[in-house]
Amino acid sequence: MSQKTKKHGKQPSATDLFQSAQRAMEKQDFKEALKSAKLCYRQDQAHDHRQMLERAWLARGMQLAHCGLADEAQAVARELLELGVSEPTVERNLPNLLLAVGLYDHAAGRGKLLPAVGEPDARFLANAADRAVVDPTTAPASLSGIRQGAENVRLALDALHAGEESAAALMIVNISRQSPFADWKFFVRGLAAYYRDDPETMRGNWDRLDPERIGFRIAASLRRLADPASATTPECEEFRQAVRILEKDILGGPIVWYLESLQRSLLDDRWREAIYGVRRWKKDFETAVPSMSGRLDRLFYQHVLSKFSPQRLEELATAIDPPSWDLNWNRARAIVWEQADGPNFTEGENSIHKSEYYWREYIKDLAEISEFSVADRTLAEAMIWLRIGGNLAAETLHAKSGWGDRYFDDDCDCEDCTRERAAAAARASAPTPAESETPQDRARAIEALDRAIAAAPTYAPAYRRLAKAHLDWNQRDAAADVYRSMLHHVPNELEAILFLFKHSLPRDAAAARDYAIEARRIKPASDDVLDMLARGRMAAARAMALQGRFDEARAELAAIQAAGRGPEIPACDATAHAAMIAFKSGDESAGREAVARTLKESDDSADALLCLAIEAVRYDLPNQLEGVRNELFTRWSSSLSKHRGKAIGLMARRMLGILKDEVEFSEKENYLDRVLAYIRAATGIRWTDEDLRDACRLLFHVHSDDKFIDCRESLSKLADSGRKKFPQEPYFHIVRGDLEMERGPRACNRILARKCYTAAKVAAGKSTRPDAQGFLETVQKRLEILGVPGLLSSMFPFGGGSGFDMDPSNDSSQRARTKQMLELIRTECEALGLDTEKMIERIKSKFDIPEVDER
Amino acid sequence: MTDPYKTLGVARHGTAAEIRSRYLDLVRQYPPERDAERFAEIRAAYDELRDPTVRMQSLLFNFDSADSIAELAVEVKERLRTARIPTKTLLSLAKP
C-alpha cells in the first residue's frame with residue numbers, strides 16, 4: 001500500500017492492485033506481486049485477476065525453491081494446488097515446481113495434477129533427472145527410470161573418483177540419446193578425460209552439454225581449472241566459489257584465497273597484515289600442502305631481506321620457523337643490517353658493525369647446517385670473512401670521493417652554493433662511512449680478510465679484496481705483498497702478475513721481467529703481454545748495463561728481437577737501448593751506428609730522439625760521453641721546430657707511459673715541460689684521431705696538476721678540435737664534457753656538458769671498438785650526475801633539471817635571474833668602457849644562454 | 001637472466017649431488033638432438049651451479065627469489081586440478 005493511499009485512508013482499487021502486481025512481476029519482486037495479486041483477487045475475482053494470482057504463486061514458489069527455502073516453497077505450492085490451476089503457462093510449469101518442492105508424487109497420487117498437466121515434457125524430465133542425480137531423495141517414484149538413471153550416474157561418478165574409468169563407462173553405457181540422462185553421459189565421459197589429462201576428449205564431450213543443465217555448470221568450473229589460459233573472461237564469482245568448495249573438501253581450507261590475500265598485503269606493503277595472515281593460516285598450510293608451507297616461509301624470508309628492515313625481520317622471526325640454513329636468523333640479520341638505516345647506534349658503531357657482529361655469529365652457526373658439506377663450510381666461512389672485510393674496508397673510505405660533491409664552491413656565498421652546502425651538511429650529519437670509521441676499522445678489515453685467506457688459501461677473491469683495500473689506503477707495497485702471497489697459493493693469476501710487474505718495473509727490473517715472462521707463459525697470444533715482456537726486458541737490460549753486465553743486457557735485447565714486440569712498443573725503442581748499452585760499454589762507434597739505426601727505424605725522428613735522449617739520462621752515460629748526451633738532447637730540441645701530428649702523438653704516448661709507470665730520472669720535468677710546450681704550440685696540424693687522442697690523454701693526465709695549469713686551455717681546444725674532426729670518436733666528447741663539469745656549478749656550462757656526453761653516448765653506441773662499452777658506462781655515470789636534482793641542476797641561473805633541451809622561457813624565475821645577470825654584465829662593461837653588446841653576444845654564445853626578453 | 005635453480009628445478013639449498021642428479025635427469029629428458037635450446041639452458045644453469053663458489057655466493061648473499069606467492073597459488077590450483085573429486089563435492093559445484 002502506497003504512502004499516499006495511507007495518508008488519505010483510501011483502500012486501493014482492484015485495478016490499482018492488479019497494476020501493482022504486474023509491475024512487481026516485471027521487477028521480479030514476486031513476494032510483493034503475490035501480496036498485491038491476493039488483495040486484488042480478494043476484491044474482484046475476475047478471470048484475469050485469478051490468472052495473475054496463479055502466476056504470482058508459481059513465480060514465488062520457484063523463487064523460494066531456488067533459494068533453498070524448501071518448506072516455504074512447499075507451502076506456496078500447496079496453496080496453489082488448493083486454488084487450482086487454470087492459466088496454461090502455469091499448468092506447464094507446475095510440475096517443475098512440484099518436483100522442486102517434493103510434491104510431485106503427492107499431487108499425482110491425489111489425482112490433482114496429472115489430468116491438468118498431461119504427460120511430462122522433455123525439459124521437465126531433464127530437470128527431474130538433474131535433481132535426482134544431485135539429490136536422489138527428490139526423485140519422484142511416479143517417474144519410472146529417473147531414480148534408477150540417477151543412481152547409475154552417481155555410481156559412475158563414484159567409480160571415476162576411485163580411478164576406475166572402465167567401471168564408470170559400464171554404468172553409463174546403456175543411456176540412450178533420448179534419455180534425460182544423455183547429458184550426464186557426456187559429462188561422465190568428459191570427466192574421465194579431465195582426470196586422465198586428455199583435454200581434447202574432455203572438450204569434445206563437454207562441448208555437447210546443454211547450458212541449461214547442471215552438468216554444464218559443473219563442467220564450466222572444471223574446464224577453467226584445467227586450462228586457465230584459455231579462459232576468455234575474468235574469473236567470475238561462480239568459479240571462485242567452485243575453487244573454494246574444492247579447496248575445502250580436498251585440501252581442508254581456502255588455501256588459494258589465503259595466498260591471494262598474502263600476496264595483496266605484500267604488494268600493498270601492508271606488512272603487519274601479511275604477518276598476521278602467516279601466523280593465522282600457517283597451520284592450514286602445513287596441513288593442506290606441507291611442502292608449500294616451507295616455500296611460503298622462504299618467500300617471506302627472502303621478502304624481508306629485500307626490504308632491509310630489521311624490525312620486520314624480528315616480527316617475521318616470531319611468526320615462522322627459521323630456515324634450515326639460517327637456524328638462528330643470523331644470516332638474515334647480517335644482510336638486513338648491511339643496508340639498514342641505523343636509528344640508534346652507540347658511538348663508533350654503525351649498521352656495518354651490527355652486520356659484522358651477525359656475520360661472525362653466522363660463521364659459528366655454519367657447523368650446524370646439515371646441508372653443507374665440510375668443503376662447503378670452509379668456502380662459506382672464507383666468503384663471509386671476505387664479506388666482513390670488504391664491508392669494513394669500504395667503510396674506511398670517504399663516500400664523498402668521486403664526482404658527487406665536487407661541483408659546488410666552498411667559498412661562494414651565492415644562494416645556490418649555500419643551499420648545496422646545506423644539503424651536503426645534512427647528508428654528512430647522517431653517520432657516513434667516513435665519519436663513522438673507527439681507528440680499528442682498518443685493522444678489523446685486514447683481520448677479516450686475513451681470516452678469509454686463512455680459511456681458504458686458494459680463494460682468490462679474498463686476496464684481491466685485501467690488495468684493493470691496501471691500494472685504497474695508498475699502501476702499494478702491502479698490496480704487492482698480498483699479490484705475492486696470492487701467487488704462492490694461486491699460481492697463474494694474471495691479475496696478480498700484472499700488478500707485480502707494474503709495481504716492480506721502476507723498482508726491480510729483473511723481477512718485472514720475470515713476472516712478464518710468467519704472464520707470457522699464461523697468455524702467449526696476447527699482444528699486451530708481449531708489450532709487457534718487451535718493456536720488462538728493456539728495463540732489465542738497462543739495469544744490467546748499469547751494473548756493467550753488458551752481455552746479459554744484450555741477451556735481453558736479443559730475446560726481444562726473437563720473441564717480437566707488441567704493437568704499443570715503437571720499433572726504435574730496443575735499438576735505442578742497444579745504442580745506450582754500446583755507449584755504456586765504451587763502444588762509441590757501435591753506439592753511433594745504433595743511434596743512426598734508431599732514427600731510421602722510427603716513425604718519427606723527434607720521438608726517436610726523445611727516446612734516445614731520455615735513455616741517455618737513464619743509462620747514466622759516463623762523463624766522457626756527455627757530448628753524446630748533449631748532442632742527443634740538442635738534436636731532439638731542434639726536431640721540435642716543426643710541428644707534426646705524428647711526433648706529438650708518439651711523444652705524448654711515451655711521456656704518458658713514463659708518468660703512469662712512475663719512472664723517475666733526472667730532468668724528467670724538463671722533458672715533460674718541453675713536450676707539453678710542443679703540444680700547446682701546435683696549430684694548423686693535420687691530425688689523425690689516434691695522435692690527437694694521445695695528445696689529449698697526456699694533457700688530461702697532467703691538467704689537474706697546478707704546475708701544468710696552462711694545459712687546460714690547450715686540452716679544451718684540442719678536445720673541441722677532436723669533436724669537430726672526429727665526431728665518431730667518443731673520447732673527445734667525454735674529455736670536453738669532463739672539462740666543463742670541472743669548472744664547478746657556477747662556471748660550468750651544464751648544457752654544453754650534457755650535449756658532449758650525449759654526443760659521446762651516440763658515438764660509443766655506434767662504435768665497434770672494444771673500449772666502446774667502457775665509454776658508454778662512463779658517459780652514463782656522467783649523465784646521471786648531471787641529472788641529480790639539487791646537485792648540479794637548479795644551480796645555474798639558466799639551468800633547470802631537464803638539461804640542454806629545456807626551455808628557460810617557461811620558468812619565470814630563471815628568466816628573471818638570467819636577465820639580472822645580463823644587466824650586471826652590461827653595467828660592468830659600461831663602467832670599464834667595453835663594447836657592451838659585443839660582450840653580451842660573446843657571453844651568450846660561449847655559455848649557450850638561450851634568448852630571453854631582457855626588457 | 002634466468003634463475004639456474006629454477007631452470008634445473010632444484011631447491012636453493014640443494015646439495016651438489018642433488019643438483020647433478022637433477023641435471024642428468026633433465027639431460028635425459030631434453031637431449032641436445034631433440035631440444036637444443038632447452039638443453040643449452042639446462043647446461044648453462046648446471047655450469048653455474050656446479051661451480052661451488054658461484055653456488056655458495058648465491059646461497060650466502062643472494063636474496064632474490066625466483067619463487068612467488070602467485071606461483072604457489074597456481075600450484076595449489078594445479079593440485080586441485082589433478083585431484084579426484086568426491087561425487088558429493090563434484091555435484092555441489094552446481095549449486096547456485
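Order of the sequence lines fixes the chain letters, A, B, ..., with proteins taken first and strands second; residue numbering starts at 1 for each chain.
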In terms of heavy-atom pairs under 4.5 Å, which option from [options] contacts chain B the most?
{"options": "I255(A), D135(A), D197(A)", "answer": "D197(A)"}
{"options": "I218(A), I335(A), V134(A), L379(A)", "answer": "I218(A)"}
{"options": "A380(A), S221(A), P461(A), P323(A)", "answer": "A380(A)"}
{"options": "L191(A), I214(A), D376(A), L262(A)", "answer": "D376(A)"}
{"options": "E338(A), R154(A), R387(A)", "answer": "R387(A)"}

**OP:** Looking only at non-hydrogen atoms, find the nearest pair between W359(A) and L60(B) and report the distance.
**Re:** CH2-O, 3.9 Å
Original post:
If you take all heavy atoms of L80(B) and V243(A), which pair is closest and at what distance?
Top reply: CD1-CG1, 4.0 Å
Side chain, backbone, both or neither of [X] within contact of chain B (heavy atoms, under 4.5 Å):
{"X": "R298(A)", "value": "neither"}
{"X": "L305(A)", "value": "both"}
{"X": "I250(A)", "value": "side chain"}
{"X": "L296(A)", "value": "both"}
{"X": "Y459(A)", "value": "side chain"}
{"X": "F285(A)", "value": "neither"}
{"X": "Y258(A)", "value": "neither"}
{"X": "L266(A)", "value": "side chain"}
{"X": "F216(A)", "value": "neither"}
{"X": "D130(A)", "value": "neither"}
{"X": "E247(A)", "value": "both"}
{"X": "A382(A)", "value": "neither"}

Original post:
Considering only heavy atoms, which portion of E75(B) lies under 4.5 Å from any heavy atom of chain A: side chain, backbone, both, or neither?
Top reply: both
**OP:** Identify which part of E78(B) has an atom lying under 4.5 Å from any heavy atom of chain A, answering side chain, backbone, both or neither.
**Re:** neither
Original post:
Going through the checks in order, is the side chain to side chain contact (heavy atoms under 4.5 Å, CB included) test met by R217(A) and L93(B)?
Top reply: CA-CA 8 Å; R217(A) 290 218 296 273; L93(B) 297 181; over 6 Å; no
Subject >> Any donor-acceptor pair under 3.5 Å from R84(B) side chain to L160(A) backbone >> reply: yes
**OP:** Give a yes or no on whether E37(B) atom CD has more than 12 heavy-atom contacts from other residues, nucleotides or ligands under 6.0 Å away.
**Re:** no
**OP:** Can you establish whether the number of heavy atoms outside R244(A) located under 6.0 Å from its atom CZ is more than 12?
**Re:** yes
**OP:** Would you please test K88(B) and D249(A) for salt bridge (Lys or Arg N to Asp or Glu O under 4.0 Å) and show each step?
**Re:** CA-CA 10 Å; K88(B) 192 179 166 196; D249(A) 289 0; over 6 Å; no
Original post:
To the nearest 0.5 Å, how far apart are OG in S92(B) and CD in Q241(A)?
Top reply: 9.0 Å
Original post:
Most heavy-atom pairs under 4.5 angstrom with chain A, which of V76(B), L72(B), V74(B)?
Top reply: L72(B)
Original post:
Of all of N62(B), L59(B), T87(B), which one pairs up most often with chain A through heavy atoms under 4.5 Å apart?
Top reply: T87(B)
Original post:
Mind checking what makes side chain to side chain contact (heavy atoms under 4.5 Å, CB included) contact with A129(A), not counting sequence neighbours?
Top reply: I146(A), P180(A), F181(A), R213(A)
Original post:
Stepwise, does the side chain to side chain contact (heavy atoms under 4.5 Å, CB included) test hold for R81(B) with L222(A)?
Top reply: CA-CA 8 Å; R81(B) 201 213 77 72; L222(A) 296 183; over 6 Å; no
Original post:
With a distance cut-off below 6.0 Å to the six-membered ring centre and an angular limit of 45° from the axis, does R331(A) pair with F61(B) as a cation-pi contact?
Top reply: no
Original post:
Side chains of T53(B) and M383(A): does their closest heavy-atom pair fall under 4.5 Å?
Top reply: yes
Subject >> Derivation and outcome, side chain to side chain contact (heavy atoms under 4.5 Å, CB included), residues Y195(A) and T82(B) >> reply: CA-CA 7 Å; Y195(A) 283 143; T82(B) 51; over 6 Å; no
Original post:
Do I85(B) and H161(A) pass the side chain to side chain contact (heavy atoms under 4.5 Å, CB included) test, and can you show the C-alpha distance, the side-chain angles, and the key distance before you say yes or no?
Top reply: CA-CA 6 Å; I85(B) 308 168; H161(A) 174 236; 5.6 Å; no
